[in-house]
Trainee: 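One structure follows; several queries about it will come next.
Quick note: numbers below take in every heavy atom, side chains included, and nothing from hydrogens, waters or symmetry partners.
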Amino acid sequence: MRMDLNRKYAAEKVANNLGIDLTAAVNLFISQMIKENGLPFKPTNEPLESGLQRALEDVKNGDTTKYTLDEFIEHVKNLGE
């Protein structure tokens, strides 16, 4: 496979943060692709506004998670891992 080096380095960083190397990550992706007989994610051209609207509907419907300030800060820190 060929890819842009900047993308490769960024992907390696993400994989390493997950505790695996890029080869393992690609193999996982391909295994999941075979298992699902398609892409293991839903490609979309949905504009950001639609996602925001859906999030606002979740809030209106009470479909939220409550955090203390410390829990929220910890949650945000863990998003990048």
Trainee: Using the rule that two of Ile, Leu, Val, Met, Phe, Trp, Tyr join whenever any of their side-chain heavy atoms come within less than 4.5 Å, decide whether Leu28 and Val14 are in one cluster.
Mentor: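 Shared cluster, yes.
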
Trainee: Indicate if Leu22 and Met33 have the same hydrophobic cluster label, given that clusters are the connected sets of ILVMFWY residues with side-chain heavy-atom separations under 4.5 angstrom.
Mentor: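 Yes, one cluster joins them.
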
Trainee: Measure the spacing between CD1 of Ile30 and NZ of Lys35 and express it to the nearest 0.5 Å.
Mentor: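 Those atoms lie 16.0 Å apart.
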
Trainee: To the nearest 0.5 Å, how far apart are CZ in Arg54 and CG in Asp63?
Mentor: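 Separation between the atoms: 12.0 Å.
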
Trainee: For Tyr67, check ring-ring contact (aromatic ring centres under 6.0 Å, His included) against everything at least two apart and list the hits.
Mentor: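 Partners of Tyr67 under the ring-ring contact (aromatic ring centres under 6.0 Å, His included) test: His75.
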
Trainee: Do Gln32 and Leu39 come close enough that some side-chain heavy atom pair is under 4.5 Å?
Mentor: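 Gln32 vs Leu39: side chains apart.
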
Trainee: Does Tyr9, at its OH atom, have more than 12 non-hydrogen atoms belonging to other residues, nucleotides or ligands within less than 6.0 Å?
Mentor: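 Not buried by this count: 12 neighbours or fewer within 6.0 Å.
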
Trainee: Starting at OG1 of Thr65, measure out to CG of Asp58 and round the result to the nearest 0.5 Å.
Mentor: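 It comes to 10.0 Å.
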
Trainee: For Thr64 versus Val59, what's the shortest heavy-atom pair and its separation?
Mentor: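 Closest approach of Thr64 to Val59: CG2-CA, 3.8 Å.
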
Trainee: Quick check on the hydrophobic clustering: are Ile34 and Phe29 connected, directly or via other members, by side-chain heavy-atom contacts under 4.5 Å?
Mentor: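 Yes, same cluster.
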
Trainee: Just verifying a value: how many Å separate Lys8 NZ and Met1 CE, rounded to the nearest 0.5 Å?
Mentor: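 The distance works out to 10.5 Å.
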
Trainee: Which atom names give the shortest non-hydrogen contact between Lys66 and Glu71, and what distance separates them?
Mentor: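 Smallest interatomic distance, heavy atoms only, reads O-OE1, 4.2 Å.
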
Trainee: Taking all non-hydrogen atoms of both residues, which atom of Asn16 and which atom of Asp21 are closest, and how far apart?
Mentor: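 Asn16 and Asp21 have their closest heavy atoms at OD1-CA, 4.1 Å.
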
Trainee: To the nearest 0.5 Å, what is the distance between NZ on Lys13 and CG on Asn17?
Mentor: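 It is 7.0 Å, given to the nearest 0.5 Å.
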
